[in-house]
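Heads up: numbering here begins at 1 and tracks the sequence.
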Amino acid sequence: MTTIDAGPGREELSEAGRTIHRHYRQLLRTRRIYTALGLGGVAVLLFFALWFANDNNAGKFFDRLPYFFDFFIHFQPDDPFEIVRALFDLPSPYADGSLKYDYEEGRIYLFGDFYLPEYFYQMLVTINIAVCATMAGAAIAFALCFFAATNLVGAGPVRFLVRRIFELLRAFPEIVIAGLLVAILSIGPLAAVVAILVHTIGALGKLFFEVVENADMKPDEGLRSVGATWLERVRYAMVPQVLPNFVSYALLRTEINVRASTIIGAVGGGGIGEVFRLSLSRDHAAKTYAIIILLFATILLIDWLSGWLRQKLVGNAAFQFGA
């Protein structure tokens, strides 16, 4: 593009340059109009969605909004140290023989006078549910994902069937599956493990085969050229490439499953979710806040640990800005 000097510090575009600049301005205006229309459409849909939800809410959400913090104002322990006593199963000076202050009842004695506080034990149950379900789900998803990848099996019936299986397994939320399994397997952690396992297979299966489809196919072509079997191509060409991302997704899914197992506990899946539901329904403020603090600390610890492990597996470069 040539320019014509129009004086010190000023340049005037040529005719071709002005035409390009004019088209650019038109495209920019069109994009801004489309963006404004899109945002306006989302705002209208959001307004009607909120209006519909409020209209169908028994308590009228917007009418009750000014009283939102009333529950937290009135739901308070006798003193802040009651939360610590409830968390570590220590005797309470307010003990009156009721369950509200009977923190020592839930102790899990390991040997002698050494005990594990009830909520720490229940948190371990919740974490165990999540870890077992994630490990089993990740293993099954790993075994099936290669059959769902287009670059390994094409678009045949095997790929179609495996993808539909993944879609079916993740179609229902964990809590729905758990509610069904509780009726079949009875109340307990087993129903929670199976419910989270089923959903994990579907969720990780989709993530895994997408990673496989984005892998570099040059190692696969090299092995194919020397007569390697399909399993050998997967083992030596694909797995070394995709394994770090697989582990990263599995760690992320572990975090999600810890939260899911907490929710499932409220419907009979055991663990910290069940005792949280009971303490909240019984108006035991100190116990409820102790469980909330323990949950928050646990999620932070798991998030930090999984982030550290992902960094070790994937490498520091992936976590650097602009890398």
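Within the structure, salt bridge (Lys or Arg N to Asp or Glu O under 4.0 Å) contacts touching residues 253-277 (residues at least two apart or in different chains) are Glu174-Arg253, Glu255-Arg310. Residue pairs meeting the salt bridge (Lys or Arg N to Asp or Glu O under 4.0 Å) criterion with at least one partner in residues 87-100, sequence neighbours excluded, do not occur; the list is empty.
When hydrophobic side chains of Ile, Leu, Val, Met, Phe, Trp and Tyr are connected at separations under 4.5 Å, Tyr101 ends up clustered with Tyr94, Tyr103.
Note on Arg107 versus Glu104: salt bridge recorded, some NZ/NE/NH1/NH2 to OD/OE distance being below 4.0 Å. Taking 4.0 Å as the cut-off between side-chain N and carboxylate O, Arg224 and Glu221 do not count as a salt-bridged pair. Glu167 has no carboxylate O lying under 4.0 Å from a charged side-chain N of Arg163, or vice versa, which leaves the two without a salt bridge. The pair Asp102-Lys287 fails the salt-bridge criterion, with no side-chain N (NZ, NE, NH1 or NH2) lying under 4.0 Å from an Asp/Glu carboxylate O.
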(message) Run Ile291 and Ile272 through side chain to side chain contact (heavy atoms under 4.5 Å, CB included) and show every step you take.
(response) CA-CA 8 Å; Ile291 294 171; Ile272 198 70; 3.6 Å; yes

(message) Evaluate Val42 against Phe47 for side chain to side chain contact (heavy atoms under 4.5 Å, CB included), listing each step before the verdict.
(response) CA-CA 9 Å; Val42 170; Phe47 171 79; over 6 Å; no

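Taking every heavy atom of both residues into account, Leu144 and Val162 meet most closely at O-CG1, 3.5 Å.
Leu124 places a side-chain heavy atom less than 4.5 Å from the side chain of Leu116.
Aromatic ring orientation, Trp51 versus Phe48: perpendicular (interplanar angle above 60°, classes split at 30° and 60°). Classified by interplanar angle (parallel below 30°, tilted 30° to 60°, perpendicular above 60°), the ring pair Phe146/Phe142 is perpendicular. Using cut-offs of 30° and 60° for the angle between ring planes, the Tyr289 and Phe75 rings count as tilted.
Figure legend: Arg164 and Phe160 shown as a cation-pi pair, the cationic atom lying under 6.0 angstrom from the six-membered ring centre and within 45 degrees of its axis.
Side-chain contact annotation: Ser261 with Thr126, donor-acceptor N/O pair under 3.5 Å absent.
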